[in-house]
J.: 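Following this message is one structure expressed as structure tokens.
We use all heavy atoms of the structure for the numbers below, so side chains are in, but hydrogens, waters and symmetry mates are not.
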Amino acid sequence: MLPRRSGLSVVVFLVPPLLLYGAAVLLPIVQSLVLSLFSWDGITDLVFVGVDNYIKMFTRDDVFWTAFGNALGYLAICLVLQLGGALAVAGLLTALPRARELVKTLYLLPAVISTVAIAFLFVRIYSLEPVGLLNQLLAFVGLEGLQTAWLSNVQTVLVAVSIPEGWRFTGLYMLIIYAALLAVPKELEEAARLDGASWWQTFWRIRFPYIRPVWITTTVMATTFALRGFDIPYLLTNGGPGQSSELLTTYMYKTAFVHTDYGYASAISVFIVIECLVAVGLIFLLLRRKDA
């Protein structure tokens, strides 16, 4: 539909980033897929094993299923914190009469802070000896009985490693959703209020339908980032205690670089890619059903 000269210009500008994307993303995925069919320790020759790595992953590896369950729990907590928190703060910002820029900056700061710094910060917050901020707050409100070593308690560690990740990206998604809320026609909201619509009815019937495409985009971003989450959980607990905070990403890393089983680690990485694609497909499927 474009003129020949314009179409050629588009191709010229698109080819370099597409080549870069193919070399940096698609090629490693293909290499991982091929390597997953072999057994390799990184030194000796490759040994072809076919789909044995996948059979082992699904039928003979209890740690894999523990990590998969932890990853789903980690995903659920991150989505609640990131999307729920982002939507709440964005909604409050639209009603804030002043200091919006300051609030937006404060919420965005965690997204630009080093993950190592965030990990060390939360190690101190969760600490029991010396007493960290969280346990101090519990003592201050008279709940000393709830004090615990949050990163060493198998009952609390998964939530404890999920909260920093959720806190880190809430500000980023808040900005995206806030920009979408600003685009909602004000006259529609005013008309709804004049008709006696409640705050919730105005939000659900007018605001949310307008921001639904942006909401789906942020959901896809938050879901894929959480499923690929690695750095903060690894720095906080390294998957421990036991496998109570082991994620698929940390398990893949240790399988490759600690146990030097690169073929099996590649099979896990392929599963993570497929898992992300399935999650994105489900999100868009739900969107189509809702629009229909």
J.: Over 60° means perpendicular and under 30° means parallel, so classify the ring planes of F58 and F64, tilted if in between.
T.: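 Judged by the thresholds at 30° and 60°, the geometry between F64 and F58 is perpendicular.
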J.: Going by atom types alone, do Y251 and D61 pair a side-chain donor with an acceptor below 3.5 Å?
T.: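 Yes, side-chain donor-acceptor contact under 3.5 Å.
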J.: Would you call the rings of F257 and Y253 parallel, tilted or perpendicular, taking 30° and 60° as the class edges?
T.: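 Tilted, since the angle between the ring planes falls between 30° and 60°.
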J.: In terms of relative ring orientation, are Y262 and W40 parallel, tilted or perpendicular, with 30° and 60° separating the classes?
T.: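 The arrangement is tilted - the two ring planes meet at 30° to 60°.
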J.: Given the ring of Y264, does K56 sit roughly above its face, with NZ or CZ under 6.0 Å from the centre of the six-membered ring and within 45° of the axis?
T.: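 Positive - K56 is close enough to the ring of Y264 and near enough to its axis.
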J.: Assign the ring pair F208 / W204 to parallel, tilted or perpendicular, where the plane angle (0 to 90°) is split at 30° and 60°.
T.: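 Plane angle under 30°, so parallel.
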J.: Where the side chain of N135 meets the backbone of T148, is there a donor-acceptor pair that is under 3.5 Å apart?
T.: yes
J.: Does F38 CZ have over 12 foreign heavy atoms under 6.0 Å away?
T.: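 Correct, the count exceeds 12.
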J.: Same cluster or not: are L81 and L227 linked, directly or through other Ile, Leu, Val, Met, Phe, Trp or Tyr residues, by side-chain heavy atoms under 4.5 angstrom apart?
T.: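 In one cluster: no.
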J.: Could you give me the CA-CA distance, side-chain angles and deciding distance for Q82 and T218, then say whether side chain to side chain contact (heavy atoms under 4.5 Å, CB included) is met?
T.: CA-CA 9 Å; Q82 292 173 354; T218 54; over 6 Å; no
J.: Would K104 and E101 pass as an ion pair if we require N to O under 4.0 Å?
T.: yes
J.: Of all heavy-atom pairs between T156 and W150, which one has the smallest distance, and what is that distance?
T.: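 Of all heavy-atom pairs spanning T156 and W150, the closest is OG1-O, 2.9 Å.
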J.: Are any side-chain N or O atoms of D195 and backbone N or O atoms of A197, one a donor and one an acceptor, separated by less than 3.5 Å?
T.: no
J.: Where the side chain of S245 meets the backbone of L158, is there a donor-acceptor pair that is under 3.5 Å apart?
T.: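 Side chain of S245 to backbone of L158, a donor-acceptor pair under 3.5 Å: no, none is there.
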